[in-house]
Amino acid sequence: MPKKITHTILIFSQAMELGGVERSLLGLLDSIDYDRYDVDLFLMRHSGELMPYLNPKANLLPEIPQYASLAVPMVSLLKSGQIGVFYGRLRGKLAAKRFDKRHPSSKPSVTALTYSHKFTLPAMPQISDKTYDLAISFLTPHYFARERVKAKKYAAWIHTDYTALSFDRSAEFAMWREYDAICGVSEQASRSFRTVFPELSNQVQTVENILPRELTTKQAEQPQTDMPSDGAVKILSVGRFCDAKNFDNVPDICRRLMENGLDVKWYLIGYGGGEPLIRQRIAEAGMQERVIILGKKDNPYPYMQACDLYVQPSRYEGKAVTVREAQLLGKPVVITNYATSASQLEDGVDGVIVPMDNAGCAAGIAALLRAPARMQQLSENCAKRDYTNSAEVEKIYALMED
């Protein structure tokens, strides 16, 4: 039977490296009805461990050198003749330094990435010669999908808590206001965005992350040998080694658990610029045998399957995909009370929210570990729920039909 195509969609993202945003993109691509919708996927770079898992029904557009060049060393741009991209990146880098110097903040700054895209935009070619019913920019900054794709409607995704960031408000506002729909991945992520940009409130809605259940459960069945069953309680955290994930405080939290009389080993899966700080904190706490960095794993799910408790100790989140993946696998979960934590899980039902400070976090984890019946109940409650959110794709269809 021939396909009955009713709409065309372009989805724009950066690459398919290991991360929650990329996993949720896989879930979205797996949920689309390809008998009704033609989907073109444009990735700035055809790289990353998750590339093989892209749904083949989505048409992957060719890589374009100018977009891919945003991730290479700047000196190589001159050698390859990417003069426009070079000067755009240089201008963005200098502008970000000036902005951050004028606006010092303890919050993580995203101005460097925002300006990199803003000032390289003139050097970027059109992505496609089609006119789409909907263009989705799946990962900020959102300049390129809006300005280099022709579409009847445009939607941009929010994957973080905007109140936890430092940024150039005027530049961000100019970028976001060009979109017909601004989609937060949780109610609180949407709410925090409205707090920062109240003028854009009418454009904001919530479209939760969609997770690929079949792929996740299948990958979880693979063997692993890095987390042996040696009698210790196995705690796991997965994420980029960055300020948001707060892994630098894990050694001190683990030390407090040990002092509480608990035999635990805390495993960290991930990568990023924060690794030296984490290792420094491990040494300072004397937790070299207890906090174990497993590094980057193409497939973290056997480790989720093997752990006794999954902990997300983040300082801030939009909605942590890894938490929902652990719940999907039926694991008891603990998260800290970051601003959007109430939209992440139902406290005491399918997970536990503990204080952000190290002492409170350790006390909350210890109380749960000493209550095995409670942990079992959390697991059973998770098994009864659907964490894939596959029905959320209907909200995306509605964007084209409004």
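Keep in mind the model is a prediction, meaning the values are calculated, not measured. The chain is numbered in sequence order, starting from 1.
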Chi angles and distances behind the ring-ring contact (aromatic ring centres under 6.0 Å, His included) call for Tyr338, Tyr316 | CA-CA 5 Å; Tyr338 44 82; Tyr316 61 92; 8.9 Å; no
Distance-only, no hydrogens or angles: does the Arg148 side chain make a donor-acceptor pair with backbone N or O of Leu121 under 3.5 Å?
-> yes
For residues Thr140 and His117, determine if any side-chain heavy atom of one lies less than 4.5 Å from a side-chain heavy atom of the other.
-> no
Salt bridge (charged side-chain N to carboxylate O under 4.0 Å, His left out) pairs touching residues 297-326, sequence neighbours excluded, are Arg23-Glu325, Glu208-Lys319, Asp226-Lys297, Lys234-Asp308, Asp243-Arg315, Lys245-Glu317, Asp248-Arg315
N-O pairing of Arg256 and Glu259 below 4.0 Å | no
Step-by-step ring-ring contact (aromatic ring centres under 6.0 Å, His included) determination, Phe241 to Tyr271 = CA-CA 5 Å; Phe241 293 165; Tyr271 64 99; 7.6 Å; no
Does the gap between the ring centers of His142 and Tyr154 come in under 6.0 Å?
-> no
Enumerate the residue pairs fulfilling salt bridge (charged side-chain N to carboxylate O under 4.0 Å, His left out) with a member in residues 186-207, sequence neighbours excluded, ordered by first and then second residue.
-> Arg169-Glu199
Donor-acceptor contact present, side-chain Tyr303 to main-chain Gln224, <3.5 Å = no
His46 side-chain N/O to Leu61 backbone N/O, donor-acceptor pair under 3.5 Å | yes
Is atom CG of Asn202 surrounded by more than 12 heavy atoms (other residues, nucleotides or ligands) closer than 6.0 Å?
-> no
Just by distance, do the side chain of Asn55 and the backbone of Lys57 share a donor-acceptor pair under 3.5 Å?
-> yes
Qualifying residue, where the test is side-chain contact (heavy atoms from CB on, under 4.5 Å) with Thr120 and the options are Tyr67, Tyr115, Phe144 | Phe144
Does a sphere of radius 6.0 Å around NZ in Lys218 hold more than 12 heavy atoms from other residues, nucleotides or ligands, not counting ones at 6.0 Å or beyond?
-> no
Are the side chains of Val311 and Thr336 in touch, meaning some heavy atoms are under 4.5 Å apart?
-> no
Name the orientation class of the two ring planes belonging to His103 and Phe99 (parallel below 30°, tilted from 30 to 60°, perpendicular beyond 60°).
-> parallel
Please find out if less than 6.0 Å separates the ring center of Tyr87 from that of Phe119.
-> no
Output every pair passing salt bridge (charged side-chain N to carboxylate O under 4.0 Å, His left out) with a member in residues 115-134, not counting sequence neighbours, ordered by first then second residue.
-> Asp40-Lys130, Asp133-Lys152
